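Taking it in order: structure first as structure tokens, then the write-up.
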Amino acid sequence: IQTARNGIAVLANTPHTIEDIVQYVGVQRQKAILVPHLAQLEHGNDPRSAYEKGDYFIWTTNAGEHKNQLRTLQALTRYYEVNGGSLDCHVTGVESSIFDPNNKEGETDSKAHIKAAREYILERPNLAARLIFHGDLPHAEYI
């Protein structure tokens, strides 16, 4: 939660999630931005920033089919291959490591959306190289 509060912006892909960000997390409404699965964001120079910035962004998801991971992976492919994206993607969230093709646990999962996402990543080594799977992180490590 503190990471979201300290961020330049918080991106969400549904109006309901925007409301959660504002109401529950306490992020100022003007920092909560409604976006499709792929967006470019201009970063301002905020001298008040007291946190370290890296060459990555965080994709927080879970294993639920409603998160439409395949569509996000397609958007990430476009970000890297068409738009020349340079930031690595750190994937976090409950059971999100099941999408990591190197995670043997995911090989036996029978859910079609999980198989499709894993196959998509396996077929695109350039995309796979930019994805860093962390799974469900403890709060202290996440922030």
Side-chain angles (χ1 to χ4, degrees), residues 1-103 105-106 109-143:
I1 291 177
Q2 196 60 39
T3 300
R5 290 178 182 155
N6 287 337
I8 295 167
V10 179
L11 308 179
N13 60 5
T14 68
H16 180 77
T17 304
I18 291 285
E19 290 307 312
D20 285 347
I21 290 167
V22 172
Q23 301 286 332
Y24 174 72
V25 178
V27 170
Q28 298 171 5
R29 187 169 297 278
Q30 64 267 26
K31 287 175 55 176
I33 301 171
L34 182 64
V35 297
H37 284 280
L38 177 65
Q40 291 180 322
L41 180 65
E42 285 189 29
H43 296 283
N45 294 326
D46 184 356
R48 299 170 294 159
S49 297
Y51 51 91
E52 186 177 336
K53 297 176 184 165
D55 293 332
Y56 65 91
F57 60 92
I58 298 173
W59 170 24
T60 302
T61 190
N62 62 47
E65 186 175 6
H66 71 283
K67 294 292 188 178
N68 205 347
Q69 295 86 358
L70 185 57
R71 177 159 280 187
T72 302
L73 291 167
Q74 292 166 342
L76 287 170
T77 299
R78 180 181 171 125
Y79 168 72
Y80 293 120
E81 294 179 4
V82 176
N83 298 337
S86 61
L87 301 175
D88 287 332
C89 177
H90 289 244
V91 185
T92 68
V94 177
E95 297 183 337
S96 61
S97 59
I98 199 137
F99 296 103
D100 182 353
N102 297 315
N103 179 351
E105 180 184 331
D109 199 295
S110 62
K111 295 180 186 89
H113 74 284
I114 293 173
K115 283 183 177 181
R118 289 172 59 91
E119 288 173 11
Y120 187 89
I121 295 167
L122 279 169
E123 293 168 357
R124 290 161 183 81
N126 291 337
L127 173 63
R130 302 311 292 265
L131 299 174
I132 297 96
F133 290 89
H134 297 280
D136 191 18
L137 296 174
H139 179 73
E141 191 175 336
Y142 187 77
I143 60 171

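It should be emphasised that the depicted structure is a prediction, and the values quoted were computed from it without experimental measurement.
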**Request:** Would you please name every residue forming a salt bridge (Lys or Arg N to Asp or Glu O under 4.0 Å) with Glu19, sequence neighbours left out?
**Result:** Arg29
**Message:** Tell me every residue that passes side-chain hydrogen bond (donor to acceptor under 3.5 Å, both in side chains) with Gln30, counting only those two or more places apart in sequence or in another chain.
**Reply:** Gln28
**Message:** Suppose we screen for side-chain contact (heavy atoms from CB on, under 4.5 Å). Which residues come up paired with Val91, at least two apart in sequence or across chains?
**Reply:** Trp59, Thr61, Cys89, Ser96, Leu131, Phe133
**Message:** If the condition is side-chain contact (heavy atoms from CB on, under 4.5 Å), which residues does Asn103 pass it with, not counting sequence neighbours?
**Reply:** Ser97, Asp100, Glu105, Arg118
**Request:** Output the distance between atom CG (Leu11) and atom CD1 (Ile18), rounded to the nearest 0.5 Å.
**Result:** 8.0 Å
**Message:** Can you tell me how far apart CG (Leu137) and OG1 (Thr60) are? Round to the nearest 0.5 Å.
**Reply:** 8.5 Å
**Message:** List the residues meeting side-chain contact (heavy atoms from CB on, under 4.5 Å) with Gln74, not counting sequence neighbours, and say none if there are none.
**Reply:** Leu70, Arg71, Tyr120
**Prompt:** salt bridge (Lys or Arg N to Asp or Glu O under 4.0 Å): which pairs involve residues 5-18, sequence neighbours left out?
**Reply:** none
**Complete:** Residue set satisfying side-chain contact (heavy atoms from CB on, under 4.5 Å) with His66, at least two apart, ordered chain then number -> Asn62
**Fill in**
Rounded to the nearest 0.5 angstrom, the CD1-CD1 distance for Ile33 and Ile21 is 9.5 Å
**Request:** Measure the spacing between CD of Glu95 and CD1 of Ile114 and express it to the nearest 0.5 Å.
**Result:** 7.5 Å
**Request:** Sequence neighbours left out, what passes salt bridge (Lys or Arg N to Asp or Glu O under 4.0 Å) with Lys31? Give chain and number order.
**Result:** none
**Request:** Could you pull out all residues at least two apart from His90 that satisfy ring pair (Phe, Tyr, Trp, His ring centres under 6.0 Å)?
**Result:** Tyr56, His134
**Complete:** Taken to the nearest 0.5 Å, the spacing of Asp136 CG from Thr92 OG1 works out to 8.0 Å
**Prompt:** Just by modelled atom types, is the Leu87 backbone N or O under 3.5 Å from a matching donor or acceptor in the Tyr80 side chain?
**Reply:** yes
**Item:** side-chain hydrogen bond (donor to acceptor under 3.5 Å, both in side chains) against Ser86, all qualifying residues, sequence neighbours excluded
**Value:** none
**Complete:** Residues Ala12 and Thr17: closest non-hydrogen pair is CB-CG2, 3.6 Å
**Message:** If I compare all heavy atoms of Val27 with all of Ala4, which pair ends up nearest, and what's the gap?
**Reply:** CG2-O, 3.8 Å
**Fill in**
Between the CD atom in Glu119 and the CG atom in Leu73, the distance rounded to the nearest 0.5 Å is 12.0 Å
**Prompt:** Can you list the residues that meet the side-chain hydrogen bond (donor to acceptor under 3.5 Å, both in side chains) rule with Arg130, with sequence neighbours excluded?
**Reply:** Asp88
